[in-house]
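Predicted model only: the values in this text are computed from it and were never measured. What's counted below: heavy atoms across the whole structure, side chains too, no hydrogens, waters or symmetry copies.
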Amino acid sequence: MEHKKHWLEQSIFYEIYPQSFYDSNGDGIGDIPGITEKLDYIKELGCNALWLNPCYLSPFGDAGYDVADYCQVAPRYGTNEDLAQLFEEAHRRDMHVILDLVPGHTSTEHPWFKESCKAQPNSYWGRYIWSDSIWTDVAGCEGIAGSLRGLYPRDGSVAVNFFSNQPALNYGFARRTESWQSAVDSPEALQTRQAMKDVMAFWLDKGCDGFRVDMAGSLVKNDPDSVETIKLWQDMRAFLDKTYPEAVLISEWGEPDKSLRGGFHMDFLLHFGPSHYLDLFRCEHPYFSREGKGDAHPFVEAYMRNYGLTNQKGLICIPSGNHDMGRIRECLDCEELKIAFAFLLSMPGAPFIYYGDEIGMRQLRLASVEGGYSRTGCRTPMQWDGGENYGFSRARREDLYIAQDPAADAPTAAAQMAERDSLWHEVQRLTEIRRKHPALCASGDIAFVYCEPEKYPLVYLRSDGDSSILVALNPGKEDVSCPCPYQMQETVHTLGKGIKAGKAIKLEKGMLSMPGESAGFMSVLPV
């Protein structure tokens with residue numbers, strides 16, 4: 001009997017920023033019943049999995065990444081019952097839902113933190129990273145961004161991970177240099193670990209399918225080689241395997257050789273650090289711009305280095321964007337985005353489509369909302385149709401969570417769904433092609449056939465057993481050719497302005513020729 005592959009193998013994720021997706025009750029803020037109402041739209045696009053940004057109780061100093069209660073949905077989004085209903089409705093459509101787990105810090109409003117601030121020792125004194133004296137600062141230790149001092153009855157300073165409203169939870173220090181630093185196997189560090197297991201169990205029992213883990217590589221402090229952090233996640237994975245074996249873990253880590261060893265199914269390719277992700281979509285000369293001045297070579301080098309470190313597992317997720325970076329539309333127009341999506345939806349790992357990227361929503365320049373700062377402009381409400389507030393909400397415009405695109409030509413889902421040649425329909429076609437061909441799915445092998453510095457095209461072979469698909473991408477406006485040691489069996493799909501102009505992609509006598517602004521998927525055999 002054929003072994004059934006994990007659902008992640010054919011997963012295509014749709015990232016939802018809950019407060020900006022769909023407002024079902026007219027208060028100007030998106031909510032969970034609104035997400036449930038739009039499940040059919042997501043499925044029609046071709047996405048079969050959802051990642052929800054944090055929807056827990058929060059004072060929203062960092063848009064929900066400052067959690068005040070991990071086990072309660074924020075009232076503005078609905079109730080725990082609403083979220084359980086979303087899980088049920090998604091499963092009924094053969095879709096899956098993962099939540100954003102924020103294990104590294106809480107809000108200063110969390111009851112755990114309020115207890116830890118008290119002058120007298122209690123069972124929560126070790127839940128966060130505190131020094132033993134107000135005169136001893138914790139800032140400067142590896143993995144700690146800063147500290148809060150002199151604000152609470154407790155004698156000591158407390159570590160924060162990012163914003164000052166995000167005190168760091170205590171998972172211990174791999175290398176202890178001060179007496180106030182906990183060991184990773186100390187009772188207080190293990191209690192924090194157990195508390196996070198309890199959080200996961202709470203939502204898994206309600207039907208959640210797993211978690212995208214925020215800042216997964218940062219939990220253990222002063223752990224430069226991540227040895228103890230990997231062990232921590234191996235322990236988490238062992239807990240899940242015993243009780244919730246189907247639960248998925250996807251890491252925000254950016255080092256797949258470490259995260260996969262820690263028990264994560266997949267790792268995110270981050271937009272910061274050495275990934276060169278921004279070279280492709282978000283820089284002065286993006287590779288996927290028609291001007292043809294980009295360079296994909298540094299990205300491919302970094303990608304294949306990580307690919308090798310994971311023993312060719314290829315489980316590195318490449319997103320179209322997310323809530324932390326400028327919209328992909330900021331540097332590319334909708335025609336250029338079609339070829340960019342041909343890349344995103346044909347690479348190994350699970351692709352992630354950030355809500356609105358499928359219609360080319362624009363990056364806006366806006367004042368900060370709930371700690372968004374420069375990120376606020378990529379978090380604007382979804383543009384559904386040409387009606388009031390683009391169909392997002394029936395609230396007054398001034399009551400919307402974030403302002404919307406004021407341009408007369410602002411893209412909407414309804415308009416793009418009505419136009420057969422739109423970006424939305426191209427994304428839909430590409431998701432269908434990915435699901436149809438096992439070679440294009442998560443664990444299919446990849447080998448780059450042509451990728452030279454500052455040159456086009458980008459060509460790679462995806463394969464799974466006897467099935468092979470050659471993917472060829474020429475975002476630049478000039479016609480190009482390159483050596484390619486394969487022979488054509490069948491053209492699976494072509495797209496782009498060059499194709500619409502009547503030109504063709506040719507693979508003859510070991511040479512691949514492509515018109516400008518074109519992409520192709522071809523079933524091939526070696527020459």
Exercise for the section: Starting from the C-alpha separation in whole Å, work towards a yes-or-no answer on side-chain contact (heavy atoms from CB on, under 4.5 Å) for W130 and D155. Expected result: CA-CA 9 Å; W130 286 85; D155 184 10; over 6 Å; no

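- Between the side chains of D267 and S251, at least one donor-acceptor pair of N or O atoms lies under 3.5 Å.
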Practice task
Check the pair E188 / T192 against side-chain contact (heavy atoms from CB on, under 4.5 Å), numbers first and verdict last.
Solution key: CA-CA 6 Å; E188 58 270 23; T192 305; 5.7 Å; no

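- Using a cutoff of 4.0 Å between basic side-chain nitrogens and carboxylate oxygens, K118 and E115 are scored as salt-bridged.
- Judged by the 6.0 Å distance and 45° axis criteria, R327 is positioned over the aromatic ring of Y355.
- Residues forming a side-chain contact (heavy atoms from CB on, under 4.5 Å) with Q194 (at least two apart in sequence, or on another chain): K197, D198.
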Exercise for the section: Step by step, work out the side-chain contact (heavy atoms from CB on, under 4.5 Å) result for F341 and L423. Expected result: CA-CA 9 Å; F341 270 106; L423 173 62; 4.0 Å; yes

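- Cation-pi geometry between K206 and F202 is met: the NZ or CZ atom falls under 6.0 Å from the ring centre, inside 45° of the normal.
- Between W384 and the options Y390, F392, F21, W424, a ring-ring contact (aromatic ring centres under 6.0 Å, His included) holds for only F21.
- Between F299 and F343, the ring planes lie perpendicular to each other; the angle is over 60°, past the 30° to 60° tilted range.
- The cationic group of R212 does not satisfy the cation-pi geometry with F13, failing either the under 6.0 Å distance to the six-membered ring centre or the 45° limit from the ring axis.
- Under the 3.5 Å distance criterion, the side-chain polar atoms of N170 are left unmatched by any main-chain donor or acceptor of I129.
- A 4.5 Å side-chain heavy-atom check between L366 and T380 finds at least one atom pair inside the cut-off.
- No side-chain heavy atom of L204 sits less than 4.5 Å from a side-chain heavy atom of T243.
- Between E88 and R92 no salt bridge is recorded (no basic side-chain N to carboxylate O distance below 4.0 Å).
- For D132, the side-chain contact (heavy atoms from CB on, under 4.5 Å) partners are T136, S179, W180, not counting sequence neighbours.
- A side-chain hydrogen bond (donor to acceptor under 3.5 Å, both in side chains) with Y65 is found for one member of D324, D100, T106 and no other, namely D100.
- For Y70 and W112, the gap between ring centers is short of 6.0 Å.
- Panel note: side chain D209, backbone V97; a donor-acceptor pair is recorded below 3.5 Å.
- Heavy atoms only, all atoms of each residue included: N322 and C378 are closest at O-SG, 3.7 Å.
- Between H265 and H6, the ring-plane angle classifies as tilted under the 30° and 60° cut-offs.
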